[in-house]
Amino acid sequence: MSAVQKRGALVVFEGCDRAGKTTQCKRIVEFLTKAGRKAKFMNFPDRSTQCGALINSYLMRKDDFTDEGIHLLFSLNRWEAKKQMEKLLQEGTTLIVDRYSYSGVAFSAAKGLDIEWCKAPEAGLPKPDLVILLTLTAEAMAERGGFGDERYEVPELQNKVMKQFLALKDDAYWMEINADKSMDHLTTELGDLILRVIESSEHKPLSCLW
């Protein structure tokens with residue numbers, strides 16, 4: 001990266017299902033674009049790849065894998081995107097990512113796998129400049145449309161997943177934000193936060209997990 005080249009920021013949204021991550025990610029990309037910043041939405045799993053198709057079949061209960069096997073497929077899905085992510089970031093594009101390595105670790109650990117084993121395949125992937133953990137009560141999640149359509153959308157598992165997110169949380173680059181508010185209010189709050197992170201990350205080198 002040249003002295004004058006400003007890189008983009010890697011911003012990851014985490015949280016339990018139906019907390020509004022996807023909606024806010026897309027709204028934030030629009031917010032940043034209007035503010036004159038290059039921004040791109042990404043989400044994991046990316047179901048458009050061969051690996052992603054296998055994950056989709058699993059999530060839709062059409063196929064089955066061991067807990068270890070599906071964990072490694074989720075990790076592979078992120079590794080597939082590594083070069084593209086790094087290229088976009090170095091070119092100055094901020095990536096707004098809906099789920100990342102932390103989801104992979106949290107969901108697998110919530111099912112009983114060893115958390116350090118779960119983290120190991122993620123080592124070397126780009127490390128986010130900011131992780132936003134959107135929180136919502138289980139009751140509020142259950143009231144949102146579509147909850148329960150996929151394999152992991154079970155309240156008991158979601159509660160365990162949130163405990164794992166809190167165990168992974170690093171206050172140096174994580175922010176926990178209550179998502180139980182109007183979409184516009186939340187977008188403005190998040191947009192202002194992310195603009196500050198973009199500015200503070202522009203000349204920092206990319207680092208890696210963990």
Side-chain angles (χ1 to χ4, degrees), residues 11-28 41-47 51-52 54-78 96-119 121-122 125 128 130-171 173-183 185-187 189-190 209-210:
V11 179
V12 169
F13 278 69
E14 294 287 13
C16 290
D17 292 325
R18 306 301 166 182
K21 295 180 302 303
T22 305
T23 299
Q24 286 302 324
C25 283
K26 292 178 178 179
R27 287 170 68 98
I28 290 298
F41 168 73
M42 296 184 74
N43 67 297
F44 293 103
D46 176 358
R47 306 187 194 209
C51 177
L54 291 172
I55 293 170
N56 185 63
S57 292
Y58 172 82
L59 292 174
M60 300 305 293
R61 302 185 179 91
K62 295 176 182 177
D63 209 341
D64 213 358
F65 297 96
T66 63
D67 289 340
E68 293 84 357
I70 192 63
H71 179 81
L72 294 173
L73 281 177
F74 272 108
S75 185
L76 172 60
N77 193 239
R78 288 181 281 274
I96 306 298
V97 183
D98 180 6
R99 292 204 182 284
Y100 196 51
S101 299
Y102 312 98
S103 277
V105 173
F107 276 85
S108 291
K111 291 189 288 182
L113 297 183
D114 177 75
I115 194 165
E116 293 303 320
W117 184 91
C118 294
K119 289 167 68 175
E122 310 295 318
L125 287 171
L130 174 66
V131 177
I132 294 171
L133 180 64
L134 291 183
T135 61
L136 202 63
T137 65
E139 292 75 20
M141 276 189 287
E143 290 173 1
R144 298 196 171 187
F147 187 83
D149 289 349
E150 293 192 351
R151 184 185 291 260
Y152 288 159
E153 292 175 354
V154 179
E156 182 182 0
L157 178 61
Q158 295 288 322
N159 289 333
K160 291 180 179 178
V161 168
M162 182 53 68
K163 290 179 182 178
Q164 295 297 334
F165 277 135
L166 294 174
L168 290 168
K169 183 183 175 187
D170 182 340
D171 290 336
Y173 66 108
W174 282 57
M175 287 284 292
E176 184 178 341
I177 295 178
N178 181 5
D180 194 10
K181 58 191 71 168
S182 75
M183 284 196 296
H185 181 95
L186 186 56
T187 300
E189 178 183 351
L190 294 170
L209 292 174
W210 291 93

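Between L54 and F65, the shortest heavy-atom contact is O-CE1, 3.8 Å. Taking both residues in full, the closest heavy atoms of C51 and L73 are given as SG-O, 3.1 Å, listed atom of the first, atom of the second, then distance. Considering every non-hydrogen atom in both P45 and N77, the closest pair reads CA-OD1, 3.1 Å. D67 and I70 get closest at one heavy-atom pair: O-CG2, 3.3 Å. Closest approach of E122 to S101, counting heavy atoms only: OE1-OG, 2.6 Å. The heavy-atom pair separating A110 from L157 by the smallest distance is CB-CD1, 3.8 Å.
With a 4.5 Å cut-off on side-chain heavy atoms, L190 and I177 count as touching. Contact check for T135 versus E176: side-chain heavy atoms found under the 4.5 Å cut-off. The side-chain heavy atoms of T23 and M183, taken from C-beta on, include a pair separated by under 4.5 Å. Counting only heavy atoms from C-beta outward, the side chains of Q164 and K160 never approach each other to under 4.5 Å. The shortest distance between side-chain heavy atoms of C25 and V11 does not fall below 4.5 Å. Contact of the F165 side chain with the L133 side chain is registered, since non-hydrogen atoms from C-beta on lie closer than 4.5 Å.
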### Task
Starting from the C-alpha separation in whole Å, work towards a yes-or-no answer on side chain to side chain contact (heavy atoms under 4.5 Å, CB included) for F41 and R27.
CA-CA 10 Å; F41 168 73; R27 287 170 68 98; over 6 Å; no
### Task
Just do the side chain to side chain contact (heavy atoms under 4.5 Å, CB included) check on I115 and V105 with the steps written out, would you?
CA-CA 7 Å; I115 194 165; V105 173; 3.7 Å; yes
### Query
Hey, mind stepping through Y58 and I55 against side chain to side chain contact (heavy atoms under 4.5 Å, CB included) and telling me if it holds?
CA-CA 5 Å; Y58 172 82; I55 293 170; 5.6 Å; no
### Message
Could you walk me through whether T187 and Q24 satisfy the side chain to side chain contact (heavy atoms under 4.5 Å, CB included) test, starting with their C-alpha distance in whole Å, then the side-chain angles of each, then the deciding distance to 0.1 Å, before giving a yes or no?
### Response
CA-CA 6 Å; T187 300; Q24 286 302 324; 2.8 Å; yes
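Put simply, CD on Q158 and CG on L136 are 10.5 Å apart, with the number rounded to the nearest 0.5 Å. To the nearest 0.5 Å, atom CD of residue E189 and atom OG of residue S182 are 10.0 Å apart. Here SG of C118 is found 14.5 Å from OH of Y102. Values are rounded to the nearest 0.5 Å. Here the NZ-CG distance, from K163 to L168, works out to 14.5 Å after rounding to the nearest 0.5 Å.
A cation-pi geometry, defined here as NZ or CZ lying under 6.0 Å from the six-membered ring centre and within 45° of its normal, does not hold between K169 and W174. Because its NZ or CZ atom is not both nearer than 6.0 Å to the ring centre of F13 and within 45° of the ring axis, K21 does not count as a cation-pi partner of that residue.
The backbone N or O of I132 sits nowhere less than 3.5 Å from a side-chain atom of E14 that would complete a donor-acceptor pair. When atom types are taken as modelled, the side chain of S103 and the backbone of R99 share no donor-acceptor pair closer than 3.5 angstrom.
The aromatic rings of W117 and H71 sit tilted, their planes meeting at an angle between 30° and 60°.
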